[in-house]
Amino acid sequence: MILALNLQASGFESGSASPLREKDVQRAEQVITKLRLLDYAARSNAQAFLKTADKLYPALFVTVAEMRPSDLKTDLDTAAFLYEEASRIWRTTGTRTADCSQERRDIYRPLCLELEGGTVGRLLVSKARLHTSWAEAVVSQHKGATGADVTRRLADMNAARANDSAIAAQAVRTLRTLEQYVNTFKTYADYQEQRTLAKVNLSELDGEFADALARAGVLIASMPRSPALYHLRNAYQSYLDGLFWSRKIRQSTTRVVSVNGFDSNPLADLRLSAEQVGYTTVGSWKKGKEYTRRAEHALAAKD
């Protein structure tokens, strides 16, 4: 599925960043140094890259996690994640060719096309290099640099951040459509009174969820490692968990006789009651709604 939306048409803007703390800038410089080591090793050969990655992770993630949310942290977190993902890809399917048609058009597809048939691992490294470059520009500006190269990279970063918000906003809207189909309850007693998972039959619910989650998944996968991303991923996973259990309930109420003549009842096989699973399901719906709201608030905070 190709990401296709008017990236500049969102009501959410990138917003002005909070002043950077000196200790965050110092951490950023440490991280950038390590990211450069990864990039240098990746330009050499796979063995050197994997050896360097083994030395730097997971400590690299820990250093980034200690920073306060900002555009600087977003790019460092994203670069660190992409290099780590590249190391995993190179250990398994390192020769698989990247599919540029599936890449985000504003920032990643041009990188993919420049590789001219490059591998997925190489594309991940190129993405990481881009985010590292933006983080370097933020640090340079903080230290007083005003050159044309720094200005250009900051402009590119700000444009991407505006598009990030547009993508996140569309993911929020997509996930919010699921709220109209499900029931959520404040307490277990409230659930016991109604014992209804959804406002539509479970078969219809399955189709609506599958479609919305597929669309939201593509959007979320194209986002950098920002606060909004983490909330959206939690919302997506909560709705996915609820869908998994609602399918178990539907299968248990639609008894199917196997070739051996036995009824298939997935809940009985798991030694779970419909009541237990039902409450777990509506709990997942509730968490999905809550995390979606948190993503909205994270986006609003950027205004």
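Predicted model, so just to flag it, every value in this text is computed and none were measured. Positions are given from 1, in the same order as the sequence printed here.
- Within the 3.5 Å criterion, the main-chain N or O of V120 finds no donor-acceptor partner in the side chain of R96.
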Next item on the list: Evaluate side-chain contact (heavy atoms from CB on, under 4.5 Å) for W285 paired with Y181, printing each intermediate quantity in order.
Entry: CA-CA 10 Å; W285 301 154; Y181 300 109; over 6 Å; no

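- Closest of all the heavy-atom pairs between L232 and I220 is O-CD1, 3.7 Å.
- Residues Y239 and N234 have side chains that never bring a donor and an acceptor to within less than 3.5 angstrom of each other.
- Side-chain contact between H142 and E22: present, with at least one pair of heavy atoms (C-beta onward) separated by less than 4.5 Å.
- Once rounded to the nearest 0.5 Å, the distance linking CG of L60 with CG of L38 reads 6.5 Å.
- Between V139 and L20 there is no side-chain heavy-atom pair separated by less than 4.5 Å.
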Next item on the list: Show the numbers, then the answer: is there a side-chain contact (heavy atoms from CB on, under 4.5 Å) between V282 and V182?
Entry: CA-CA 8 Å; V282 297; V182 300; over 6 Å; no

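- Note: R27 CZ to T63 OG1 = 8.0 Å, rounded to the nearest 0.5 Å.
- Using a 4.5 Å heavy-atom cutoff, the side chains of Q237 and R233 are not in contact.
- Between atom CG of residue L243 and atom CG of residue L178 there is a gap of 9.5 Å, rounded to the nearest 0.5 Å.
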Item checked: K143 vs E29, salt bridge (Lys or Arg N to Asp or Glu O under 4.0 Å): CA-CA, chis, key distance, verdict -> CA-CA 12 Å; K143 292 189 168 186; E29 291 178 309; 2.2 Å; yes

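- Remark: N163 CG to D106 CG distance equals 4.5 Å, nearest 0.5 Å.
- Electrostatic pairing of E103 and K127 counts as a salt bridge here, judged by a charged N lying under 4.0 Å from a carboxylate O.
- With hydrogens and angles ignored, the 3.5 Å screen pairs a side-chain donor or acceptor of Q180 with a backbone N or O of T177.
- Residues F244 and Y236 are members of one and the same hydrophobic cluster, defined by side-chain heavy-atom contacts under 4.5 angstrom among Ile, Leu, Val, Met, Phe, Trp and Tyr.
- Neither side chain, Y57 nor E84, offers a donor N or O lying under 3.5 Å from an acceptor on the other.
- Residues S246 and T281 approach most closely at N-OG1, 3.9 Å, considering heavy atoms.
- Between the side chain of R153 and the backbone N or O of S133, at least one donor-acceptor pair lies under 3.5 Å.
- Formation of a donor-acceptor pair under 3.5 Å by the R36 side chain with backbone atoms of V31 is not found in this model.
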Check: Can you list the steps and then say if R43 with R129 is a side-chain contact (heavy atoms from CB on, under 4.5 Å)?
Finding: CA-CA 11 Å; R43 291 176 186 272; R129 188 179 300 128; 2.9 Å; yes

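- Side chains of R176 and R173 form no contact here, defined as non-hydrogen atoms less than 4.5 Å apart.
- The heavy-atom pair separating G117 from T97 by the smallest distance is O-CG2, 3.6 Å.
- Residues L229 and T74 form no side-chain contact, since every pair of their non-hydrogen atoms from C-beta on lies 4.5 Å or further apart.
- A donor-acceptor pair is defined here as one N or O able to donate and one able to accept, closer than 3.5 Å; no such pair exists between the side chain of K73 and the backbone of R68.
- Remark: the backbone N or O of L35 is not paired with any side-chain donor or acceptor of D39 at under 3.5 angstrom.
- Using a distance-only test at 3.5 Å, with no hydrogens or angles considered, a donor-acceptor pair links the side chain of T78 to the main chain of R225.
- Annotation: side chain of Q47 is not in contact with side chain of W90 (no heavy-atom distance under 4.5 Å).
- The two residues L50 and S87 have their closest heavy-atom pair at CD2-O, 3.3 Å.
- Residues I167 and Y230 do not share a hydrophobic cluster, defined by chaining ILVMFWY side chains whose heavy atoms lie under 4.5 Å apart.
- Here the CG-OG1 distance, from L124 to T119, works out to 8.5 Å after rounding to the nearest 0.5 Å.
- Checked for salt-bridge contact, E114 and R109 miss the test: no charged N lies under 4.0 Å from a carboxylate O.
- Taking CD from Q30 and CG from L76, the interatomic distance works out to 11.0 Å, rounded to the nearest 0.5 Å.
- Remark: F81 pairs with no residue by the ring pair (Phe, Tyr, Trp, His ring centres under 6.0 Å) rule, at least two apart or across chains.
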Note to self: If you apply the rule salt bridge (Lys or Arg N to Asp or Glu O under 4.0 Å), what do you find for R152 with D149, and how did you get there?
What the structure shows: CA-CA 5 Å; R152 176 188 58 79; D149 180 60; 2.7 Å; yes

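- For D75 (side chain) and W134 (main-chain N/O), no donor-acceptor pair under 3.5 Å exists by modelled atom type.
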Next item on the list: Any chance you could lay out the side-chain contact (heavy atoms from CB on, under 4.5 Å) test for R21 and V25, step after step, and finish with the verdict?
Entry: CA-CA 6 Å; R21 299 183 301 180; V25 174; over 6 Å; no

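- Note: the hydrophobic cluster containing Y108 does not contain L113 (ILVMFWY, side chain heavy atoms under 4.5 Å, direct or indirect links).
- The two residues L115 and S126 come nearest to each other via the heavy atoms CD2-OG, 3.9 Å.
- Put simply, Y291 and L299 are part of two different groups of oily side chains (I, L, V, M, F, W, Y) that touch within less than 4.5 Å, one to the next.
- Nearest heavy-atom pair across R104 and A160 is NH2-O, 3.3 Å.
- Using a 4.0 Å cut-off between charged nitrogen and carboxylate oxygen, R161 and D164 count as a salt-bridge pair.
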Note to self: Applying side-chain hydrogen bond (donor to acceptor under 3.5 Å, both in side chains) to H231 and E296, what does each step give before you reach the verdict?
What the structure shows: CA-CA 9 Å; H231 294 317; E296 283 186 298; over 6 Å; no

